[in-house]
Amino acid sequence: MRIFLAAVSVFALVACGEQKPAPAAGVAPAEAPVESAETDAALIAPSAVGALIAGTWRSIDDDKASIIVTADGKWTDLYGDGVQAETFPWRALTGADANVAAPGEQFTPDHTYLEIKRSEATYYYELDDLSPDSLAMFYVGRGNRLAFARVK
């Protein structure tokens, strides 16, 4: 019987394996940091947008529509066979700043927006995706999504 109890005890110890000590009362265990493969474009600092967005972009919904954006604040719409439209000023700003500029619209304070001052009106777009190869944004007025691929 003693041999049986000793065998059961040894088996129980082996089965349990190494136990980690419980954290002290009131102390949460440390979690490993979770790294995201994507950056949330809506949270990119407005000061960083110019360098990231500068370039030529083609609409993924209409091959004839393109934009040229410069880091120094120029936005040019192109349509068709290189027919150039007017160039407009643009800037990146936080939702909090956009609320001041356009109090009639709704903005998320910590998100990043583009303000494009076209001749007929000022338009606001919330950044959705801004990477080396893609640009996507939501038009604040209606919520439609505009998506572009970088022209190489």
Heavy-atom side-chain contact between [X] and [Y] under 4.5 Å:
X    : Y    : result
L135 : R150 : no
K117 : F88  : no
L146 : S59  : no
F148 : M137 : yes
I53  : L114 : yes
K74  : V69  : no

Heavy-atom pair with the smallest gap, counting every atom of [X] and [Y]:
X    : Y    : answer
T112 : P46  : OG1-CD, 4.0 Å
A71  : G50  : CB-O, 3.6 Å
A101 : Y124 : CB-OH, 3.4 Å
V49  : L127 : CG2-CD1, 3.9 Å
P103 : V100 : CD-O, 3.7 Å

**Request:** To the nearest 0.5 angstrom, please state how far the CD atom of E86 sits from the CD atom of E120.
**Result:** 8.0 Å
**Prompt:** Just how far is it from atom CG of L43 to atom CG of L130, taken to the nearest 0.5 Å?
**Reply:**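 Answer rounded to 0.5 Å: 12.5 Å.
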**Asked** Does L93 belong to the same Ile/Leu/Val/Met/Phe/Trp/Tyr cluster as F138, with side-chain heavy atoms less than 4.5 Å apart forming each link?
**Response** no
**Request:** Consider only side-chain heavy atoms of I, L, V, M, F, W and Y, link residues closer than 4.5 Å, and tell whether V140 and W90 are in one cluster.
**Result:**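 Different hydrophobic clusters.
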**Request:** Quick one: list whatever passes salt bridge (charged side-chain N to carboxylate O under 4.0 Å, His left out) with E115, sequence neighbours left out.
**Result:**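 Partners of E115 by the salt bridge (charged side-chain N to carboxylate O under 4.0 Å, His left out) criterion, ordered by chain and then number, come out as R91.
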**Asked** Tell me, which pairs form a side chain to side chain donor-acceptor pair (under 3.5 Å) where one or both residues lie in residues 137-146, sequence neighbours left out?
**Response**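 Output for this query lists D128-R145.
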**Sidechain-backbone polar pair: Y113 side chain, D97 backbone, donor-acceptor under 3.5 Å** = no
**Under the side-chain contact (heavy atoms from CB on, under 4.5 Å) test, residues paired with D133 that sit two or more places apart** =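 Here the qualifying residues are K152.
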**Item:** Donor-acceptor pair between D72 and T70 side chains, under 3.5 angstrom
**Value:** yes
